[in-house]
Amino acid sequence: MIERYITQAHFCSYEDFCRNFHIRVPSRFNFAYDVVDALAATDPDRPALLWTDEHGAERRFTFADMAELSDRTAAFFTLLGIGRGDRVMLILKRHWQFWTVMMALHKLGAVAIPATHLLTPGDIEYRCRKADIAMIVAAGDDDIVAHVAEAAPSCPSLRHVVSTGPSVPDGWLDLDVEVARAPAFERPDVANENDDVMLLYFTSGTSGEPKMVAHDFTYPLGHIATASFWHNLHPGSLHLTVADTGWGKAVWGKLYGQWLAGAEVFVYDFERFEPADLLRQMERYRITSFCAPPTVYRFLIREDVESYNLSALEWCTTAGEALNPSVSERWRELTGIELREAFGQTETTLTVGTFLWMKARPGSMGLPNPQYDIRVVNSRMEEVVLGEEGEIVIRVPEGTPKPVGLFKEYLDDPELTAAAWHDGYYHTGDIARRDADGYLWFVCRKDDVIKSSGYRIGPFEVESACLTHPAVVECAVTAVPDDVRGQVVKATIVLAPEYADRAGADLVRDIQDHVKRVTAPYKYPRIVCFVKELPKTISGKIRHVAIRRADAAARPAS
């Protein structure tokens, strides 16, 4: 399938990849018709989705199944008046209906808005009002249904609410029942143009109100590199990405690129993450390719990994936050497989990655994806010298088409769009340094740099050092104002269970001394605080800003 959309599908080196990787974009590209339906026509029995849950339920879908179910779902939505440009929010957790509903919306030219099940009624109301949402399709859990019902009276654009069950209150429609009795689907004459909005994400953000990231109908093609040249997928692969469908990493790892590569997507639908359960699923279903955020790997390496038969596992990747080298090294010791890191944002596809032909360097994000013109620049927009820190930017010269995969805009917010994307560059807000071989190493978000006694300290490098101590499971490093040094380093730490009763001054000193040995002594955390959990966004990223705000509120007024 990918051969239809790129000028060359096989590369012998990263240099070959950079020279010859080019994406061909047809007019009116529609992933549901041009990929899913096309595969259903040419290879109907090819496995598309293997869904399981923590209770032992299992469902398998071929591409023929996906084409038929998405047609029936689109026919049902048509009866409700949903069509091109209508905005539909999906709160579907990891339920298999997410895939059929997404394809149905694509077939209609409607706008899909994936959302997490952790939204409060206020969150739902905010999104409905901001995006003029016409319909919500939700998992029928009691709490989700209750939250939507509470928000609905304050959402004037909301016309329909649909549930997957088991809870389907009065006034709601039962998705599976309605799809089963839907009439034949009539494909619209024109479902979309390439620059129509196809996908809309409310970014979880570490500060401020969520912003609406809009992607057009060409966006799925941007994930060819993600799946084929980072996840290393091909027909016969069974790929597992650990992600809830409510955030962007789901379509990175559970949909577009994977099906373009002809691979089968594995979904494990669970309520509470249990590392041992995940390992059992990987063993039972013989997962060949696995991707998870570093936090998941941090918990997995504390299990008896070697007692599970993971012999089918060929490839492991990680993204979503910076990877601590110690985690990568331990995973390789336990499985024999290198962890291959990558970097991207909700606004992009994979922009920097450890691709097939590269040697992984633990802690490095890898090398630039050639579909983007990646630069690392200082405040004067000059490319930094080797080893110097700078912001990662994507060059998009004025008057030229945007790269495939880069977002269209922050919807309905031209000022916010212009603040991030101006003078021919999209600014990621992430700081990195480049080594002598061009590999990029994450430092921190632009606003997170700590300046202490004239030193610039990246929180991530201190967090990485702390995490090599056996007592530390999770760590967030922030700055605290100091009259002498300007700022000092603070580490907020979640301890391993076996160390919980040792929290105190002695353990603080032990962790501080450990950090001084692992990295430059001036970086050590002068303040260490132990907590039961760290504040996180709804997509699981640590909210450093919440820690800073709590510290500021606790400081006496001057």
S.K.: Going by heavy atoms in the side chains, are Phe17 and Pro370 under 4.5 Å from each other?
M.R.: yes
S.K.: For Lys93, what residues pass the side chain to side chain donor-acceptor pair (under 3.5 Å) criterion, not counting sequence neighbours?
M.R.: Asp141, Glu271
S.K.: Which atoms form the tightest heavy-atom contact between Ala360 and Thr354, and what is the distance?
M.R.: CA-CG2, 3.7 Å
S.K.: Counting only N and O atoms by type, is there a donor-acceptor contact under 3.5 Å from the side chain of Lys254 to the main-chain atoms of Ala243?
M.R.: yes
S.K.: Quick one: ring-ring contact (aromatic ring centres under 6.0 Å, His included) partners of His422, sequence neighbours excluded?
M.R.: His427
S.K.: May I ask you to test the Leu313-Ile337 pair for a side-chain heavy-atom distance under 4.5 Å?
M.R.: yes
S.K.: For residues Val393 and Thr428, determine if any side-chain heavy atom of one lies less than 4.5 Å from a side-chain heavy atom of the other.
M.R.: no
S.K.: Using a strict threshold of under 4.0 Å (side-chain N to carboxylate O), is an ion pair present between Arg548 and Asp551?
M.R.: no
S.K.: Hey, are Lys359 and Glu338 close enough for a salt bridge, meaning a charged N less than 4.0 Å from a carboxylate O?
M.R.: yes
S.K.: More than 12 non-hydrogen atoms from neighbouring residues, nucleotides or ligands closer than 6.0 Å to CD on Glu58, yes or no?
M.R.: yes
S.K.: Examine the side chains of His469 and Asp510 and answer whether a donor and an acceptor come within less than 3.5 Å of each other.
M.R.: yes
S.K.: Of all heavy-atom pairs between Leu200 and Ala131, which one has the smallest distance, and what is that distance?
M.R.: CD2-CB, 4.2 Å
S.K.: Taking CG in Asp142 as the centre, count heavy atoms belonging to other residues, nucleotides or ligands within less than 6.0 Å. Is the count above 12?
M.R.: no
S.K.: Dump the intermediate steps for ring pair (Phe, Tyr, Trp, His ring centres under 6.0 Å) on Trp421 and Tyr410, then the final yes or no.
M.R.: CA-CA 10 Å; Trp421 193 347; Tyr410 293 118; 9.1 Å; no
S.K.: I would like to know whether Arg375 and Glu383 meet salt bridge (Lys or Arg N to Asp or Glu O under 4.0 Å); could you show each step before the answer?
M.R.: CA-CA 7 Å; Arg375 310 288 176 92; Glu383 289 207 59; 3.8 Å; yes
S.K.: Is there a donor-acceptor pair under 3.5 Å between the side chain of Gln512 and the backbone N or O of Pro525?
M.R.: yes
S.K.: List the atom of Leu279, the atom of Glu303, and the distance in Å for their closest heavy-atom pair.
M.R.: CD1-CB, 3.8 Å
S.K.: One thing to verify: whether Arg94 and Asp269 come together as a salt bridge, which I'm taking to mean a side-chain N less than 4.0 angstrom from a carboxylate O.
M.R.: no
S.K.: Between Ser228 (side chain only) and Ala225 (backbone N and O only), is there a donor and an acceptor less than 3.5 Å apart?
M.R.: no
S.K.: Rounded to the nearest 0.5 Å, how far does CG of Asp53 lie from CZ of Phe270?
M.R.: 11.5 Å
S.K.: Partners of Thr241 by side chain to side chain donor-acceptor pair (under 3.5 Å), sequence neighbours excluded?
M.R.: His239
S.K.: With no hydrogens and no angle check, is any side-chain donor or acceptor of Arg330 less than 3.5 Å from a backbone partner on Ser326?
M.R.: no
S.K.: Any idea which heavy atoms bring Cys475 and Cys466 closest together, and the distance?
M.R.: SG-CB, 3.8 Å
S.K.: Any side-chain donor paired with an acceptor under 3.5 Å for Tyr372 and Thr349?
M.R.: yes
S.K.: Using every non-hydrogen atom in the two residues, find where Val477 and Glu463 come nearest and quote the distance to one decimal.
M.R.: N-OE2, 2.9 Å
S.K.: List the residues meeting side chain to side chain donor-acceptor pair (under 3.5 Å) with Arg59, not counting sequence neighbours, and say none if there are none.
M.R.: none
S.K.: Could you list the residues that satisfy salt bridge (charged side-chain N to carboxylate O under 4.0 Å, His left out) with Arg361, not counting sequence neighbours?
M.R.: Asp435, Asp437
S.K.: With rounding to the nearest 0.5 Å, note down the distance linking NE2 in His117 to CG in Asp143.
M.R.: 7.5 Å
S.K.: Quick check: does any side chain N or O of Thr417 sit under 3.5 Å from a backbone N or O of Asp413, one acting as donor and the other as acceptor?
M.R.: yes
S.K.: Parallel under 30°, tilted from 30 to 60°, perpendicular over 60°: which one fits the rings of Phe355 and Tyr14?
M.R.: parallel
S.K.: My understanding is that only residues two or more places apart in sequence, or in another chain, count here; which of them pass salt bridge (charged side-chain N to carboxylate O under 4.0 Å, His left out) with Arg280?
M.R.: Asp277
S.K.: For the pair Thr164 (side chain) and Gly140 (backbone), establish whether a donor and an acceptor sit closer than 3.5 Å, ignoring hydrogens and angles.
M.R.: yes
S.K.: Answer yes when Glu329 and Arg332 have at least one side-chain N-carboxylate O distance shorter than 4.0 Å, and no when they do not.
M.R.: no
S.K.: Could you give all pairs that pass the salt bridge (charged side-chain N to carboxylate O under 4.0 Å, His left out) test and reach residues 465-476, with sequence neighbours left out?
M.R.: Glu474-Lys536
S.K.: Rounded to the nearest 0.5 Å, what's the gap from CZ on Arg434 to CG on Leu440? Could you check?
M.R.: 5.0 Å
S.K.: Are Thr351 and Met365 packed together at the side-chain level, in the sense that at least one heavy-atom pair is separated by less than 4.5 angstrom?
M.R.: no
S.K.: Of all residues at least two apart in sequence or in a different chain, which pass the salt bridge (charged side-chain N to carboxylate O under 4.0 Å, His left out) check with Glu150?
M.R.: none
S.K.: Output all residues satisfying salt bridge (charged side-chain N to carboxylate O under 4.0 Å, His left out) with Arg380, sequence neighbours left out; order by chain, then residue number.
M.R.: Glu382
S.K.: Using a distance-only test with no angle check, is there a side-chain donor-acceptor pair under 3.5 angstrom linking Tyr425 and Glu391?
M.R.: no
S.K.: Check whether any side-chain heavy atom of Ile392 lies under 4.5 Å from a side-chain heavy atom of Ile374, and answer yes or no.
M.R.: yes
S.K.: Between Arg340 (side chain) and His231 (backbone), is there a donor-acceptor pair under 3.5 Å?
M.R.: no
S.K.: Determine whether the aromatic ring centres of residues Trp51 and Tyr268 are separated by less than 6.0 angstrom.
M.R.: no
S.K.: Rounded to the nearest 0.5 Å, what separates atom CD in Gln258 from atom CG in Leu238?
M.R.: 11.5 Å
S.K.: If only side-chain N and O atoms count, and only distance matters, is there a donor-acceptor pair under 3.5 Å linking Glu314 with Ser289?
M.R.: no
S.K.: Using side chain to side chain donor-acceptor pair (under 3.5 Å) as the criterion, list what pairs up with Glu341, not counting sequence neighbours.
M.R.: none
S.K.: Carefully, step by step, assess Phe407 and Tyr201 under the rule ring pair (Phe, Tyr, Trp, His ring centres under 6.0 Å).
M.R.: CA-CA 10 Å; Phe407 77 128; Tyr201 278 106; over 10 Å; no
S.K.: Would a line drawn from the ring center of Phe229 to the ring center of Trp357 be shorter than 6.0 Å?
M.R.: yes
S.K.: With sequence neighbours left out, which residue pairs that include part of residues 303-346 fulfil the ring-ring contact (aromatic ring centres under 6.0 Å, His included) condition?
M.R.: Tyr297-Trp331
S.K.: Tell me if a side-chain donor or acceptor on Glu125 pairs with a main-chain N or O of Ala151 at a distance below 3.5 Å.
M.R.: no
S.K.: Do Leu507 and Phe530 have side-chain heavy atoms sitting under 4.5 Å apart?
M.R.: yes
S.K.: Would you find a donor on one side and an acceptor on the other, under 3.5 Å apart, between the side chain of Glu389 and the backbone of Phe442?
M.R.: no
S.K.: Mind checking whether His223 and Tyr219 have parallel, tilted or perpendicular rings, split at 30° and 60°?
M.R.: perpendicular
S.K.: Identify the two heavy atoms, one from Asp244 and one from Thr116, that lie closest to each other, and give their separation to 0.1 Å.
M.R.: OD1-CA, 4.4 Å
S.K.: Flag the pair Val384 / Arg433 as yes when at least one side-chain heavy-atom distance between them is below 4.5 Å, and no otherwise.
M.R.: no
S.K.: Can you run down the ring-ring contact (aromatic ring centres under 6.0 Å, His included) pairs that involve residues 470-506, sequence neighbours left out, and say none if there aren't any?
M.R.: none
